[in-house]
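Below is one structure, written out as structure tokens; the observations come after it.
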Amino acid sequence: MTIETNEEHNIPKVYDPAAVEKKWYAYWEKNHYFHVEVDKNKEAFSIVIPPPNITGQLHMGHALDNTLQDILIRWHRMMGHNTLWMPGYDHAGLATQIKVEEVIKREEGKTRYDLGREEFLKRVWQWKNQYGDRIVNQLKCLGVSCDWERQRFTMDEGCSQAVREVFVSLYEKGLIYQGSRITNWCVNCNTALSDIEVEHADEAGHLWYIRYPVVGEEGTYLTIATTRPETMLGDTAVAVNPEDKRYGYLVGKTLKLPLTDRTIPIIADSYVDLKFGTGAVKITPAHDPNDFEMGMRHKLENIVVIGMDGKMTAEAGIYAGQERYECRKNIVKALEELGFLVKIEELTHAVGHCQRCHCVVEPLVSKQWFVKMEPLVKAAVDCVEDGRTQFVPERFTKSYTNWMDNIHDWCISRQIWWGHRIPVWYCDDCGEVIASRTDIDKCPKCGGHVHQDEDALDTWFSSALWPFSTMGWPEKTDLLKQFYPTSVLVTGYDIIFFWIARMLVMGMEFMKEIPFHKVFIHGLVRDSQGRKMSKSLGNGIDPLEVIDKYGADTLRFMLITGNTPGNDMRFYWERVDATRNFANKIWNASRFALMNLEGYDKDAKLAPYTLADKWILSRLQDTEKDVTDFLENFELGEAGRLLYEFIWGEFCDWYIELAKPRLYNKDNPTERATAQHVLCEVLGSAMKLLHPYMPFITEEIWQCLPHEGDSIMVSSWPKYQEDLVDQEAEDGMSAIMDATKAIRNMRAEVNAAPGRKAPAILLVDADLKEVLETNASYIKLLATVDKLTIENNNNNKPQNAMTTVVNGIEVYLPLKGLIDVEKESARLNKELETLSKEIKRIEGKLGNAGFLAKAPAEVVAKEKVKSGEIGQKMMAINERLEYLKTL
RNA sequence: GGAACUAUAGCUCAGACGGUUAGAGUACCACGUUGACAUCGUGGGGGUCACUGGUUCGAGUCCAGUUAGUUCCACCA
């Protein structure tokens, strides 16, 4: 194959991602590169996407999460594995319902109750059909390579069937039950919530001390302390600790409950803390979880005074109908007026808020469905503790197991319409309760009329099944056989309990197998001040904006590098700029290559590799190996950093510069072809290694370079070629690079005109002499040297020259008339100072018997070499200083 | 009340098994438009690795404690 390039070709100097990205994504999709069929002969690698909400817009968290997955997926695909990335989205029950309700309210002024269940659901489906794909399209802008042909939805037919199967099966096993319990109730969203949907926040509140008169003992009171005086209307007892000597004599007596005409008993219960408040607690079983428990123990009555709407009930007497906080004010006022209020203290305490609407959650008794967790968690904890499923980073294991060890039953019913309706029917005639996998229209027992439970399931119930429901469960599919357990699950630490834990539980229960081998946890993307990005703060940065301005490659690489797994990261535009510059650097390196590939013939006869060729090829192998190692350990940031350093710091800064003379010289076609060959080889491999991170620009470049195959994304991952590893070449090049840098450094010190060539003298050890002589042209080219003299270091030292010693090389720069004796002496003395500090440290080590005896021989030898080198340096500098004194 | 994480250059962050003269990007200073790139090149300044103790021949790296910050869990009215 021969490349024809036109000297005048107009590849733009600045990389423009917009056109490139659209073009290649369309190309990949058209060629079905994302799609995978089961291939039992290949090693399987699979990921199920954390399904984004249909209401959602792509945010930075998605961008990070999906980039991580895409890197792993693209890498494994290139490794030749049978690679599946299962995409899909989540119906997000409550969140979506609220969203659609808002829209309908705004546009039509109606509530969902106005529309009725059927019509409302029709609207949500419409909404889903209209906007559901929005986030998928946004994900595509990011370049992710999901198998879109397999896209799933938590409420599609298959997933819904899986939900039914799991629900009914658990019900039959007695692991799902219905009960009247005190649960978290959101008075705004009008539904029950699970414990983890309640967010606790410390709030400044008050502790009101109220005295309750003891019945039959005029003038005797028992003072209680409460943070919620409005609930006193529902008090059915006051409790003291049985050990509490202050109140012992009162236990068994009754109290007159102020503001009511009821009397309540004084009971003893060890739950009561003697040191808090007065040591006497009012008990309101209907409105406090602890009181509820105590009420059960002491068979107390539940008096509901706050309703589902957050307003006081008829039980609240004259307060009926008042909003709960308004009532609180009025109660306090009344107590004060009647002399029952003893004092008010300031108190900060944790108050639960609804995760969705942030209003204060009310503990209320209601009839709900629960999953009995305790029998289910063991398997899910065991598989993590014995390492079948591993968290990366490992530290998240602990928070997972801690949480699982203290698990509460999971309230799964929601008083909402959008979601999986609870598959339970009640017979209106015989009262039978039937959980069914299929819809029923009459009672199987008596044939009577049935009606279905009105409630829907917690969104996370269907998410919990995601790893297997998306692969066709409960059918025994080939997909499941090949891809379950999935290889890795990638998500943020914020949903470990909501999602990871539940998937482990359900996977172990229904597949009898872990859902994933690894859980790769990442942190949050925060703003530049470290704050969470949020709508209310207005500090969110739209990933699509970054993609528009800078390209997806830049966003992806920026999000992945510069932080470590599991840690939060801050978003800085400066870092976006820096990454954009990297993309542009790659672009221009490729532009350079293309401009110099004219006449390139893949099969041309090659000259022997030069030192630079051997060096860069060897470094490429090191990079391939290290990058692969890092990827295997989920150190994606480190792998990215390595690629950055290799491409910019070695390939661009040194190799390209050194290849220029051969590329420009058309009189020696064999050498030119060799340089072209190595240039293409290294650049091509570098693009492959970088492809998982920056899929678009690497495809664009790869397609321009000589290549085999139709796309870089289905090309093979570079192999570590041991025969190209050349330590000698690497050592030789580092000597040359060190000498070059030393010369540049000294020239800069005296402000020598950078463009003007000057002579230099190197005095070197015998073993370095040959490589330096052979490649003297490198130093001349890169250090702007015209006459380079290389001698053995036992020769006479050149006079009237600047000097420094690096890597066993004494570098002299004759600078006739340029040397400022004073300045040069100062510079050398400063260097001498650092060196003497260093040698003192090393000699201390070498003089330490313990070090010599216990440190590995290798380390000792290294220190000795170092000591020798420094000694040599110091000697040379001292000689030079002596000479300067004579001037 | 438990638990986790973080503390390294002005800023944002890397530093695997303890052994490099502790790194990068950015910012800053100086010089530079030689035919890939000024979204660039070359060079430079800048850190007692939060503090205290311990283990070790040797600690930014391991252990204990202290301080500061962040976060999660927890039914204390």
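The chains referred to below are lettered A, B, ... by the order of the sequence lines, with proteins before strands, and numbering in each begins at 1.
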Between the side-chain atoms of [X] and the base atoms of [N], is any donor-acceptor pair under 3.5 Å?
X: A:E749; N: B:A30; result: no
X: A:R580; N: B:U39; result: yes
X: A:N848; N: B:C57; result: no

Using a 4.0 Å heavy-atom cut-off, does [X] contact any base of the nucleic acid, only the sugar-phosphate backbone, or nothing at all?
X: A:P856; value: base
X: A:Y664; value: sugar-phosphate
X: A:K282; value: nothing
X: A:D273; value: base
X: A:G562; value: sugar-phosphate
X: A:T227; value: sugar-phosphate
X: A:N567; value: sugar-phosphate
X: A:F276; value: base
X: A:K532; value: nothing
X: A:E199; value: nothing
X: A:A578; value: sugar-phosphate
X: A:K398; value: sugar-phosphate
X: A:Y493; value: nothing
X: A:W573; value: nothing

Give the nucleotide from the list [options] with an atom nearest to the side chain of [X].
X: A:Y271; options: B:C73, B:A77, B:A3; result: B:A77
X: A:R395; options: B:A4, B:A14, B:C75; result: B:A4
X: A:E638; options: B:A14, B:G45, B:C57; result: B:A14
X: A:N581; options: B:C40, B:C11, B:A36; result: B:C40
X: A:A855; options: B:A77, B:G19, B:U42; result: B:G19
X: A:M595; options: B:A77, B:A36, B:G43; result: B:A36

Open item on the list: If we count only N and O atoms by modelled type, under 3.5 Å, do the side chains of A:D235 and A:T284 hold a donor and an acceptor together?
Closed with: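 A:D235 vs A:T284: donor-acceptor pair found between side chains.
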- [ ] Assess the side chains of A:T564 and A:N567: does a donor N or O sit below 3.5 Å from an acceptor N or O?
- [x] yes
For nucleotides [N] and [M], find the distance between their [atom1] atoms and express it as a whole number of Å.
N: B:C11; M: B:A27; atom1: C1'; value: 7 Å
N: B:A22; M: B:A16; atom1: P; value: 15 Å
N: B:C31; M: B:G10; atom1: P; value: 25 Å
N: B:A68; M: B:G25; atom1: P; value: 35 Å
N: B:U48; M: B:U67; atom1: P; value: 24 Å
N: B:C72; M: B:G19; atom1: C1'; value: 38 Å
N: B:C57; M: B:G46; atom1: C1'; value: 33 Å
N: B:C5; M: B:G15; atom1: P; value: 15 Å

Within less than 4.0 Å of OP1 or OP2 of [N], is there a side-chain N or O belonging to [X]?
X: A:K13; N: B:C37; value: yes
X: A:R591; N: B:C37; value: yes
X: A:K866; N: B:G19; value: no
X: A:R841; N: B:U21; value: yes
X: A:N584; N: B:A38; value: no
X: A:R570; N: B:U12; value: yes
X: A:T564; N: B:A14; value: yes
X: A:K585; N: B:A36; value: no

Task: Contact nearer the 5' end of RNA chain B, comparing A:N563 with A:V198 - done: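 Counting from the 5' end, the first nearest nucleotide belongs to A:N563.
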TODO: Applying salt bridge (Lys or Arg N to Asp or Glu O under 4.0 Å), run through A:R841 and A:E838 and close with a yes or a no.
DONE: CA-CA 5 Å; A:R841 199 181 62 82; A:E838 182 59 16; 2.9 Å; yes
- [ ] Please say whether the positively charged group of A:K549, taken as NZ for Lys or CZ for Arg, lies over the ring of A:W573, i.e. under 6.0 angstrom from the six-membered ring centre and within 45 degrees of the axis.
- [x] yes
Open item on the list: Within 45 degrees of the ring normal and closer than 6.0 Å to the centroid, is that where the cationic atom of A:K398 sits relative to A:F391?
Closed with: no
Open item on the list: Quick check, does A:W587 stack with B:A36? I mean ring centres under 5.5 Å and planes off by under 30°.
Closed with: no
Open item on the list: Please verify the inter-ring angle class for A:W403 with A:F497; under 30° counts as parallel, over 60° as perpendicular, anything in between as tilted.
Closed with: parallel
TODO: May I ask you to decide if the ring planes of A:F557 and A:F582 are parallel, tilted or perpendicular, using 30° and 60° as cut-offs?
DONE: tilted
Task: Any A:E869 side-chain heavy atom under 4.5 Å of A:V805 side chain - done: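 Counting from C-beta outward, A:E869 and A:V805 never come under 4.5 Å.
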TODO: State which residue, out of A:T554, A:N584, A:N588, fulfils the side chain to side chain contact (heavy atoms under 4.5 Å, CB included) condition with A:Y15.
DONE: A:N584
